[in-house]
Amino acid sequence: MPELPEVETVVRTLKQAVKDCKIVQVDIYWNNIIVGDIQVFKSSLIGQSFRRFKRRGKYIIFELDDCSLLSHLRMEGKYFIKDCTDKKEKHEHVIFTLDNGKTLRYHDTRKFGKMEVIPKSKDYVQLKNLGVEPLSHKLNETYVSNYIKNTKQCMKQLLLDQSFIAGIGNIYADEILFRMKVHPKKIAKELTPQEIIDLVYYTKHVLKGAIRAGGTTIRSYTSSLGITGRFQLKLKVHMRKNEPCYLCKEKIVKEVVAQRGTYYCPRCQSL
DNA sequence: AGTTTGACCCGGACGC
DNA sequence: TGCGTCCGGGTCAAAC
């Protein structure tokens, strides 16, 4: 699932690939991907060039001349750069034809992703409830201790809460808690000062490491292989049910916490 | 107003 | 092999 590091990698790669390219045609094969009117979507984008590439939480923001394109990959969204003569693949739902003979293709097996055109003058309402960017200085010990004062949430919920920190998903929430050696059900308010320091440190550490890994992998891609933002990251706890903990050999447990499949080491992350 | 729960978006995996 | 059921994650809306 694309989380912040994957989205960041996609944004960086697309910047290299399509900056200043002009959209000459837009073909949509699954309408529900598009938020709002399909014809307005098309007519807003045709003739526009990609100028700036940004990320906020898990949202991709493409800034064009007169509007922005907001894209959320949800679970399985991916972008590919292909030649315009390449055959359409099964799960390619939106194809932007560019003025250089290439196409930018949105691929999404589950069709969960969303795309929306935002007029230049309007605010991004989708982004207004997002919390701090984890890699910015705004994520610090003071911010965390103030935030947790007013919440009943457990740690897993807290890390998934996009209005606390923007961009952490299920996988990295588990990985961060494992490194903190904190149980996913621990009440956030009860974090010790040291655990707050660890939360800040490991959140940045895990996400930065993942972006580095994404960047490394992405270099080996050719344009025909596409831009998935996925990478071979060594997960220390997520998806390791019944396998031995890397630290203490105890079996990793999988349990539903905050409605999400949650992996943790019952010994290292005891309550 | 903060918090929790559920619906939604789907195809693929899995079980019988 | 075919059919039905469940699963998954992020977001939003509704209920509490």
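Every heavy atom of this structure was used, including side-chain atoms; hydrogens, water molecules and symmetry mates were not. Residue numbers start from 1 in every chain, and the chains themselves are labelled A, B, ... in the order their sequence lines are given, proteins ahead of strands. All values reported here derive from a predicted model rather than from experimental measurement.
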Whole-Å distance between [N] [atom2] and [X] [atom1]?
X	N	atom1	atom2	value
A/Q157	C/dT11	CD	P	16 Å
A/D108	B/dG12	CG	P	11 Å
A/K128	C/dT11	NZ	C1'	13 Å
A/L158	B/dT4	CG	P	12 Å
A/H107	B/dC10	NE2	P	16 Å
A/I60	C/dT11	CD1	P	12 Å
A/K156	C/dG9	NZ	C1'	10 Å
A/E6	C/dG10	CD	P	10 Å

Is the cationic atom of A/R240 (NZ for Lys, CZ for Arg) positioned less than 6.0 Å from the six-membered ring centroid of A/Y246 and within 45 degrees of its normal?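 Yes - A/R240 lies over the ring of A/Y246, closer than 6.0 Å to its centre and within 45° of its axis.
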Give a yes or no on whether a donor-acceptor pair under 3.5 Å exists between the nucleobase atoms of C/dG8, that is its base, and the side chain of A/R74.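 Per atom types, no contact qualifies.
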Before giving the answer on side chain to side chain donor-acceptor pair (under 3.5 Å), spell out for A/Q194 and A/D198 the whole-Å C-alpha distance, their side-chain angles and the decisive distance to 0.1 Å. CA-CA 6 Å; A/Q194 182 59 48; A/D198 291 346; 3.0 Å; yes
Would one find a side-chain N or O of [X] under 4.0 angstrom from OP1 or OP2 of [N]?
X	N	result
A/H91	B/dG12	yes
A/W30	B/dC9	no
A/K58	C/dG10	yes
A/K114	B/dC9	no
A/Q153	B/dT3	no
A/N32	B/dC10	yes

Determine if A/F112 stacks with C/dG10; use a centre-to-centre distance below 5.5 Å and an interplanar angle below 30° as the criteria.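 Stack criterion not met.
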Of the listed nucleotides [options], the one nearest the side chain of [X]:
X	options	answer
A/H72	B/dT3, B/dG12, C/dG10	C/dG10
A/K90	B/dT4, B/dG12, C/dG9	B/dG12
A/L160	C/dG10, B/dT3, C/dG9	C/dG10
A/E3	B/dC10, B/dT3, C/dG10	C/dG10

Judged by each residue's nearest nucleotide on DNA chain B, which is more toward the 5′ side, A/R110 or A/T151?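 Looking at the nearest nucleotide for each, A/T151 comes out on the 5' side.
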Joint cluster assignment, A/L73 & A/I95, ILVMFWY side-chain distance < 4.5 Å: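 No, A/L73 does not connect to A/I95 through the hydrophobic network.
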Test of understanding: clusters of I, L, V, M, F, W, Y form through side-chain heavy atoms closer than 4.5 Å, transitively. Do A/V182 and A/L207 belong to the same one?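 Yes; tracing contacts between hydrophobic side chains, which count when under 4.5 Å, links both residues.
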For the residue pair A/F62 and A/Y79, categorise the inter-ring angle as parallel (less than 30°), tilted (30 to 60°) or perpendicular (more than 60°).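 Rings of A/F62 and A/Y79: perpendicular, as their planes differ by over 60°.
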So what does [X] touch, heavy atoms closer than 4.0 Å: a base, only the sugar-phosphate, or nothing?
X	result
A/N150	sugar-phosphate
A/K152	sugar-phosphate
A/K254	sugar-phosphate

Give a yes or no on whether a salt bridge exists between A/E63 and A/K54, defined as a side-chain N under 4.0 angstrom from a carboxylate O.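 Yes, A/E63 and A/K54 are salt-bridged.
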